[in-house]
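For this chain, numbers begin at 1 and follow the sequence in order.
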Amino acid sequence: GGATKQAIFRFAKNTPALECGGLAENACGNGSLMRIMPTALYLVGQYGNCTLDDRTSNIIHNTSKCTHGHLRCQMACGIFCSVVFQLCCGGNLRNATLFGIRSALAYYRKRPDFAVVYDDFSNLDTIETWEENNVMSTGYVLHTLQASLWCLLKTSGYAECVLKAVNLGEDTDTTAAVAGALAGLWYGAKQIPKKWAENTAKYEEIKAK
């Protein structure tokens, strides 16, 4: 994406990595959200049953800053990771997802530095009640987060979730990637259709690892 490309150009010119991500309003794409899952899983591996706090959020925000420095991108990544933390604890999908959202909102509510973007996310705790025509699936990071969480909560299997994300249209590949990351974590690799998996680039190499 354009934001990532510009960040790489800045890094090549010796800009510190954490200052490479764009800060402009038009730099709020979904690139860092699309790649934040490994960071969430790393934190779970390092600290066990995680919560979003100053320690974990600092790592999450820094991961985003390398390519997407806007506070909106950072907060989207933080909410996503908070949901991942709760899904890793098991239990009920709906309860875990909503608790992850609400606990993240409670954390950011106490962060004055995020006050300027907080209201953009404040209605996420009602996402399961949204009608499909209210869900947008553009490359804007807020839309991608909303659409992905909505697809997760409105479906009951991996393939169903990914197909619903694709069928929303617009930025289909990224929305499906973000929604699919959550669904894959919850439902497990065995639910990924074999035909889909086998068409993945370097499938045999991935399978061997």
| query | Do you know the tightest heavy-atom contact between Ile36 and Cys77? | reply | CG1-CB, 3.9 Å
| query | Between His61 (side chain) and Ser57 (backbone), is there a donor-acceptor pair under 3.5 Å? | reply | yes
| request: Kindly indicate whether the side chain of Trp196, heavy atoms from C-beta on, has any atom under 4.5 Å from the side chain of Tyr158. | output: yes
| task | Show the numbers, then the answer: is there a side-chain contact (heavy atoms from CB on, under 4.5 Å) between Met37 and Val178? | result | CA-CA 8 Å; Met37 175 61 99; Val178 177; over 6 Å; no
| Can you check whether Cys88 reaches Leu185 side chain to side chain, under 4.5 Å on heavy atoms? | yes
| message | Set out, in order, the CA-CA distance, both residues' side-chain angles and the distance that settles side-chain contact (heavy atoms from CB on, under 4.5 Å) for Tyr108 and Leu52, then state yes or no. | response | CA-CA 9 Å; Tyr108 284 110; Leu52 193 67; 3.5 Å; yes
| query | With a cut-off of 6.0 Å (strictly less than), are more than 12 heavy atoms of other residues, nucleotides or ligands near CZ of Phe11? | reply | no
| note | Heavy-atom nearest pair, Ser148 first then Ala179, reads OG-N, 3.5 Å
| Transitive ILVMFWY side-chain link Leu105 to Val116, under 4.5 Å | yes
| query | Does any N or O in the side chain of Thr63 come within less than 3.5 Å of the main-chain N or O of Ile59, such that one atom is a donor and the other an acceptor? | reply | yes
| query | Got a second to check how far Arg72's CZ is from Phe121's CZ, nearest 0.5 Å? | reply | 6.5 Å
| message | Just so I know, are the side chains of Leu93 and Leu87 near enough to count as touching, which here means a heavy-atom distance under 4.5 Å? | response | yes
| request: Using a 4.5 Å cut-off on heavy atoms from C-beta on, say whether the side chain of Cys81 contacts that of Phe85. | output: yes
| message | Could you check whether any side-chain heavy atom of Glu128 comes within less than 4.5 Å of a side-chain heavy atom of Leu152, counting everything from C-beta outward? | response | no
| request: Check the surroundings of atom OH in Tyr42: do more than 12 heavy atoms from other residues, nucleotides or ligands lie under 6.0 Å from it? | output: no
| No-hydrogen, no-angle side-chain donor-acceptor test under 3.5 Å, Arg111 and Tyr118 | no
| task | Compare every heavy atom of Val135 with every heavy atom of Trp130, then report the nearest pair and how far apart it is. | result | CE3-CG2, 4.2 Å
| Would you call Met136 and Gln146 a side-chain contact if the rule is heavy atoms closer than 4.5 Å? | no
| said: Does this structure show an ion pair linking Glu160 with Lys154, if we count only N-O contacts that are shorter than 4.0 Å? | reply: no
| query | Is the side chain of Thr200 donor-acceptor paired with the backbone N or O of Ala197 at a distance under 3.5 Å, no angle test? | reply | yes
| Heavy-atom donor-acceptor pair, Asn58 side chain to Asp54 backbone, under 3.5 Å | no
| Quick one: does Thr172's side chain have a donor or acceptor within less than 3.5 Å of a partner on Ala165's backbone? | no
| said: Let's go through Val117 and His70 carefully: what are the C-alpha distance in whole Å and the side-chain angles of both, what is the deciding distance for side-chain contact (heavy atoms from CB on, under 4.5 Å) to 0.1 Å, and is it a yes or a no? | reply: CA-CA 10 Å; Val117 297; His70 198 284; 4.0 Å; yes
| task | Spell out, yes or no, whether Tyr47 and Ile60 are grouped together once hydrophobic residues are joined by side-chain heavy atoms under 4.5 Å, including indirect joins. | result | yes
| said: Quick check: closest heavy atoms across Cys28 and Cys73, and the distance to 0.1 Å? | reply: CA-SG, 3.6 Å
| message | Does any part of the side chain of Ile101, heavy atoms only, come nearer than 4.5 Å to the side chain of Val83, both counted from C-beta? | response | yes
| query | Could you give the distance from CG (Leu142) to CG (Asp120), rounded to the nearest 0.5 Å? | reply | 6.0 Å
| Between CG on residue Leu98 and CG on residue Leu124, distance to nearest 0.5 Å | 10.0 Å
| request: Would you please say whether a donor-acceptor pair under 3.5 Å links the side chains of Ser122 and Asp119? | output: no
| query | Going through the distances and angles, do Thr144 and Thr174 end up as a side-chain hydrogen bond (donor to acceptor under 3.5 Å, both in side chains)? | reply | CA-CA 8 Å; Thr144 303; Thr174 305; over 6 Å; no
| Between atom CG of Asp113 and atom CD of Gln74, what is the distance when rounded to the nearest 0.5 Å? | 8.5 Å
| Student check: side-chain heavy atoms of Leu41 and Val84 closer than 4.5 Å | yes
| For Ala3 and His68, which heavy atoms make the closest approach, and how far apart are they? | CB-NE2, 3.5 Å
| Backbone N/O of Tyr140 and side chain of Thr138: donor-acceptor pair under 3.5 Å | yes
| query | Just how far is it from atom OG of Ser137 to atom NE2 of His143, taken to the nearest 0.5 Å? | reply | 9.5 Å
| field | Nearest atoms (heavy-atom pairs only) where Gly100 meets Ser103 | value | O-OG, 3.2 Å
| query | Between Thr15 (side chain) and Arg10 (backbone), is there a donor-acceptor pair under 3.5 Å? | reply | yes
| task | Mark yes when over 12 heavy atoms from residues, nucleotides or ligands other than Phe99 sit less than 6.0 Å from its CZ; otherwise mark no. | result | no
| Residues Leu182, Leu149; criterion side-chain contact (heavy atoms from CB on, under 4.5 Å); working and verdict | CA-CA 8 Å; Leu182 295 171; Leu149 293 170; 4.0 Å; yes
| task | Count the heavy atoms of every other residue, nucleotide or ligand shown that sit under 6.0 Å from CD of Glu198, and state whether that count exceeds 12. | result | yes
| message | If I take atom CG from residue Asn62 and atom OG from residue Ser32, how far apart are they, to the nearest 0.5 angstrom? | response | 12.0 Å
